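None of these values were measured; they are calculated from a predicted model. Only this structure's heavy atoms are used, side chains among them; waters, hydrogens and symmetry mates stay out. Ligands are counted one by one from 1 in listed order, and the atoms in each one are counted from 1 as well.
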Amino acid sequence: MSLVYIISAPSGSGKSTLVNELRKLVRDLVFSISYTTRLPRGSEQNGREYFFISRPEFEAMIRSGDFLEYAEVFGNYYGTARSFLVEAERKGYDLLLDIDVQGAEQIKRKIPQAVSIFILPPDRKTLEWRLKNRSLDGEDVIRRRLATASREIENYPKYDYILVNDRLEESTEALRAIVLSERLRHSGTKRSEDEIRLSEMAGRFRLDNVQERVRPIVASFAKPLAQGED
Ligand code: ADP
Ligand code: 5GP
């Protein structure tokens, strides 16, 4: 049985960067490419970042039961095709999903052993700086993303692991440890010393063990918003 990993994060936290790093380090993972009704942005290509389809096409896929989960995010549909899980199972690989909180909840209901990971920025100022520095969005969009992030971040307690993406190298190592240690846990085989160390490292990012670290981050998002933010 394939393991399913769910990764969610507010925009700008570094999720794409981390997932790209993980791709280089962990074998036998299928990366699900979602379907969406939103238009491509920047250099995005159909079939690489997303499959870009029309609303009627998306609704036809819903009716045919093609989605493992789907949700409406920022006024557009986004969905994970069942075919990616089928492909992962056929290959004997695990499946990685980059989906939002609503999608994560649906997957957890259908596949309770799915492993969920929430990525947090170190604080609100850093998120704002990263969004500006990425230079993909205008001021208005950045303000909206920050306001959305404040709401999304409140969902962190629904996830199994919380990763604060401060130093990229450390976060990448932590993400790798989480993925590999969950594989070990589900394989039930005896662990080597290295594997025990890996599991201990992953354990540090379990929800129960990060409350102290996360509290000030959540607080940095909870302060009254500046004018123009909703
Ligand atoms: P997301 O996919 O979550 O929207 P990105 O991966 O596009 O976020 O990252 C947002 C910006 O922050 C990018 O410019 C990226 O290079 C930068 N970034 C990502 N992780 C880190 C990090 N740990 N430290 C500093 N900058 C980072
Ligand atoms: P963006 O438009 O910025 O690429 O993505 C917006 C949000 O949609 C992100 O939070 C992303 O994780 C989420 N998303 C992307 N694909 C899916 C999907 O297939 N299902 C769900 N539920 N959310 C998705």
Side-chain angles (χ1 to χ4, degrees), residues 4-24 30-53 58 61-62 66-85 95-111 114 116-137 141-142 144-156 158-159 163-176 217:
V4 176
Y5 297 95
I6 305 165
I7 302 197
S8 304
S11 176
S13 307
K15 182 175 54 178
S16 317
T17 309
L18 276 168
V19 167
N20 280 334
E21 292 300 311
L22 186 71
R23 280 187 125 122
K24 299 178 199 158
V30 168
F31 291 79
S32 163
I33 300 168
S34 297
Y35 285 74
T36 183
T37 59
R38 85 150 161 77
L39 295 172
R41 273 198 306 251
S43 61
E44 287 180 337
Q45 279 175 26
N46 189 39
R48 193 177 66 187
E49 284 83 4
Y50 285 105
F51 293 106
F52 297 99
I53 60 173
F58 198 102
M61 286 181 75
I62 298 175
D66 289 344
F67 291 118
L68 202 53
E69 65 75 35
Y70 68 92
E72 199 146 359
V73 188
F74 304 131
N76 283 301
Y77 278 130
Y78 291 80
T80 306
R82 273 180 207 287
S83 55
F84 279 92
L85 183 56
L95 179 67
L96 190 127
L97 309 178
D98 162 355
I99 58 177
D100 83 326
V101 173
Q102 308 169 68
E105 283 178 336
Q106 294 177 49
I107 296 287
K108 274 286 197 180
R109 271 198 299 276
K110 284 190 183 157
I111 311 174
S116 58
I117 305 157
F118 197 83
I119 297 167
L120 281 171
D123 55 49
R124 190 181 192 282
K125 269 258 144 287
T126 310
L127 180 64
E128 189 173 352
W129 189 86
R130 285 185 189 165
L131 284 168
K132 285 187 176 149
N133 197 46
R134 185 169 68 172
S135 314
L136 268 185
D137 309 308
V141 174
I142 290 180
R144 236 181 309 131
R145 288 199 190 282
L146 284 169
T148 308
S150 305
R151 288 193 290 274
E152 287 172 340
I153 277 172
E154 288 170 15
N155 289 291
Y156 83 87
K158 297 175 184 161
Y159 286 72
L163 197 53
V164 178
N165 180 22
D166 197 344
R167 295 192 44 222
L168 186 61
E169 214 171 299
E170 284 171 15
S171 314
T172 307
E173 228 0 77
L175 189 55
R176 173 178 170 271
I217 300 174

Please tabulate, one line per pair, the protein N or O atoms found under 3.5 Å from any N or O atom of ligand 2, giving the distance to one decimal.
{"unit_1": "ligand 2", "atom_1": "2 (O)", "unit_2": "R38", "atom_2": "NE", "d": "2.7"}
{"unit_1": "ligand 2", "atom_1": "2 (O)", "unit_2": "R38", "atom_2": "NH2", "d": "3.4"}
{"unit_1": "ligand 2", "atom_1": "2 (O)", "unit_2": "Y78", "atom_2": "OH", "d": "2.5"}
{"unit_1": "ligand 2", "atom_1": "3 (O)", "unit_2": "R41", "atom_2": "NH2", "d": "3.1"}
{"unit_1": "ligand 2", "atom_1": "4 (O)", "unit_2": "R38", "atom_2": "NH2", "d": "3.0"}
{"unit_1": "ligand 2", "atom_1": "4 (O)", "unit_2": "Y50", "atom_2": "OH", "d": "2.5"}
{"unit_1": "ligand 2", "atom_1": "5 (O)", "unit_2": "Y50", "atom_2": "OH", "d": "3.3"}
{"unit_1": "ligand 2", "atom_1": "12 (O)", "unit_2": "K15", "atom_2": "NZ", "d": "3.1"}
{"unit_1": "ligand 2", "atom_1": "12 (O)", "unit_2": "D98", "atom_2": "OD1", "d": "3.0"}
{"unit_1": "ligand 2", "atom_1": "16 (N)", "unit_2": "S34", "atom_2": "OG", "d": "3.0"}
{"unit_1": "ligand 2", "atom_1": "19 (O)", "unit_2": "S34", "atom_2": "OG", "d": "2.7"}
{"unit_1": "ligand 2", "atom_1": "19 (O)", "unit_2": "E69", "atom_2": "OE2", "d": "3.3"}
{"unit_1": "ligand 2", "atom_1": "19 (O)", "unit_2": "G79", "atom_2": "N", "d": "3.3"}
{"unit_1": "ligand 2", "atom_1": "19 (O)", "unit_2": "G79", "atom_2": "O", "d": "3.2"}
{"unit_1": "ligand 2", "atom_1": "19 (O)", "unit_2": "T80", "atom_2": "N", "d": "3.4"}
{"unit_1": "ligand 2", "atom_1": "19 (O)", "unit_2": "T80", "atom_2": "OG1", "d": "3.4"}
{"unit_1": "ligand 2", "atom_1": "20 (N)", "unit_2": "E69", "atom_2": "OE1", "d": "3.4"}
{"unit_1": "ligand 2", "atom_1": "20 (N)", "unit_2": "E69", "atom_2": "OE2", "d": "2.7"}
{"unit_1": "ligand 2", "atom_1": "22 (N)", "unit_2": "E69", "atom_2": "OE1", "d": "2.9"}
{"unit_1": "ligand 2", "atom_1": "22 (N)", "unit_2": "D100", "atom_2": "OD1", "d": "2.8"}
{"unit_1": "ligand 2", "atom_1": "23 (N)", "unit_2": "D100", "atom_2": "N", "d": "3.1"}
{"unit_1": "ligand 2", "atom_1": "23 (N)", "unit_2": "D100", "atom_2": "OD1", "d": "3.4"}

Exercise for the section: Answer with yes or no after comparing the ring centroid distance for F31 and F84 against a 6.0 Å cut-off, counting only values under it. Expected result: no
Completion exercise
The atoms of ligand 1 lying under 4.0 Å from a heavy atom of S11, numbered in the order shown, are 4 (O)
Problem - Top protein contact for atom 16 (O) of ligand 1, by heavy-atom distance - result: T17 OG1, 4.1 Å
Problem - Nitrogen or oxygen atoms of S13 and ligand 1 under 3.5 Å apart - result: yes
Handout entry: Residue pair S171 / N165, side-chain donor-acceptor N/O under 3.5 Å
Key = yes
Handout entry: Protein contact to atom 10 (C) of ligand 1 [nearest heavy atom, distance to 0.1 Å]
Key = G12 O, 3.6 Å
Completion exercise
The closest protein heavy-atom partner of atom 24 (N) of ligand 1 is R130 NH2, 3.1 Å
Handout entry: Pairwise distance CG(D100) to CD1(I7) - rounded to 0.5 angstrom
Key = 14.0 Å
Practice task
Hey, could you give me the NZ/CG distance between K132 and D137, rounded to the nearest 0.5 Å?
Solution key: 12.0 Å
Handout entry: D166 contact mode with ligand 1 (heavy-atom cut-off under 4.0 Å)
Key = backbone
Handout entry: Lys/Arg N to Asp/Glu carboxylate O, R176 vs E173, below 4.0 Å
Key = yes
Exercise for the section: Indicate whether the side chain of T126 and that of D123 have a donor and an acceptor atom separated by less than 3.5 Å. Expected result: yes
Practice task
Provide the full list of side-chain hydrogen bond (donor to acceptor under 3.5 Å, both in side chains) pairs with a residue in residues 39-52, sequence neighbours left out, each pair given once.
Solution key: R38-E44
Completion exercise
shortest atom 7 (O) of ligand 1-to-protein heavy-atom contact is with R134 NH1, 2.9 Å
Practice task
Looking only at distances, please establish whether an N/O atom of ligand 1 is found under 3.5 Å from an N/O atom of G14.
Solution key: yes
Practice task
Indicate the atoms forming the closest heavy-atom contact of Y159 with N155, along with that distance.
Solution key: CD1-O, 3.5 Å
Practice task
May I ask you to check whether N76 and T36 show a side-chain donor-acceptor distance below 3.5 Å?
Solution key: no
Handout entry: Near-ring test Y35/F51, centroid separation under 6.0 angstrom
Key = yes
Problem - Contact check, side chains of L97 and V4, non-hydrogen atoms, under 4.5 Å - result: yes
Handout entry: Closest approach of any protein heavy atom to atom 2 (O) of ligand 1, naming residue and atom
Key = S16 OG, 2.4 Å
Problem - Proximity of A9 to ligand 1 by residue part, where a heavy atom lies under 4.0 Å - result: neither
Handout entry: Residue, atom name and distance, where the atom is the protein heavy atom closest to atom 20 (N) of ligand 1
Key = N165 ND2, 3.1 Å
